[in-house]
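Working notes, beginning with the structure itself.
Since we're looking at a predicted model, the values are computed, not measured. Starting from 1, each residue takes its place in the sequence as its number.
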Amino acid sequence: MRIGEVAKLSGVSVRTIDYYTNAGLLAFERSEANYRLYPNNVLQTLERIQVLKKQRMSIVEIQEIICAGETPETEELIDEVINEFDQLQQKIVRLEEQLKDAPHHAKTQTGKALERKMAAITALLALLQ
């Protein structure tokens with residue numbers, strides 16, 4: 001596909017596609033007329049980039065993920081982890097509301113329990129790096 005077609009199908013501007021291409025995020029070949037031709041999976045790559053950008057990842061971080069060539073299984077696992085984090089954030093908001101009027105000792109106990117859980121989560125995240 002030529003860049004205009006990719007832009008039309010993906011909803012991403014030609015300028016942004018140029019930026020991603022120059023950053024090494026999108027592969028292409030040259031036609032005999034020297035046009036950039038993108039493979040059919042470019043739309044999936046662009047969608048993936050948009051998802052990663054929504055997670056507030058930098059272009060460098062996105063490059064590392066895309067260049068690592070993660071498998072669909074890894075991507076599914078990442079999606080599951082992101083969904084779980086979203087659910088945890090919602091639970092934290094509800095817990096904060098519940099603890100707003102709770103006695104001091106209840107807040108302290110809850111804080112200590114959360115610290116232990118966060119330490120375990122931090123250890124797991126360290127294994128991913």
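With rounding to the nearest 0.5 Å, the separation of CD in Glu47 from CG in Leu52 is 11.0 Å. Here the CD1-CG distance, from Ile59 to Asn22, works out to 11.5 Å after rounding to the nearest 0.5 Å. Atom-to-atom distance recorded for Lys107:NZ and Gln98:CD is 13.0 Å, nearest 0.5 angstrom. Atom OH of Tyr19 sits about 12.0 Å away from atom OG of Ser13, to the nearest 0.5 Å. The distance from atom OG of Ser10 to atom CD of Gln44, rounded to the nearest 0.5 Å, is 12.5 Å.
In this view, Gln109 satisfies the side-chain hydrogen bond (donor to acceptor under 3.5 Å, both in side chains) rule with no residue, not counting sequence neighbours. Under the side-chain hydrogen bond (donor to acceptor under 3.5 Å, both in side chains) criterion, Thr45 pairs with no residue at all, not counting sequence neighbours. Checked against side-chain hydrogen bond (donor to acceptor under 3.5 Å, both in side chains), Thr110 has no partners two or more places apart in sequence or in another chain. Under the salt bridge (Lys or Arg N to Asp or Glu O under 4.0 Å) criterion, Lys100 pairs with Glu97, not counting sequence neighbours.
Met1 places a side-chain heavy atom less than 4.5 Å from the side chain of Leu43. In this structure, Tyr20 and Ile62 have side chains that are not in contact, with every pair of non-hydrogen atoms separated by 4.5 Å or more. Residues Leu37 and Phe28 fail the side-chain proximity criterion, which asks for heavy atoms closer than 4.5 Å.
Within 6.0 Å of CG in Asn40 there are 12 or fewer heavy atoms belonging to other residues, nucleotides or ligands. For CD of Gln55, the number of neighbouring non-hydrogen atoms (other residues, nucleotides, ligands) closer than 6.0 Å is greater than 12. Enclosure of atom CD in Glu61 by more than 12 non-hydrogen atoms of other residues, nucleotides or ligands within 6.0 angstrom is indicated.
Scanning both residues, Pro39 and Ala27, for their nearest heavy atoms gives CD-O, 3.3 Å. Looking at every heavy atom in both residues, Ala7 comes nearest to Val14 through CB-CG2, 3.7 Å.
Applying the salt bridge (charged side-chain N to carboxylate O under 4.0 Å, His left out) rule to pairs touching residues 6-35 yields Asp18-Arg36, sequence neighbours excluded.
For Gln63 (side chain) and Leu25 (main-chain N/O), no donor-acceptor pair under 3.5 Å exists by modelled atom type.
Hydrophobic cluster membership for Leu95: Leu99, Leu114 (Ile, Leu, Val, Met, Phe, Trp, Tyr linked by side-chain heavy atoms under 4.5 Å, directly or transitively).
Clustering ILVMFWY residues whenever any of their side-chain heavy atoms sit less than 4.5 angstrom apart, transitively, puts Tyr35 in a cluster other than the one holding Val6. In this structure, Leu26 is not a member of the same hydrophobic cluster as Val51, with clusters built from ILVMFWY side-chain heavy atoms closer than 4.5 Å.
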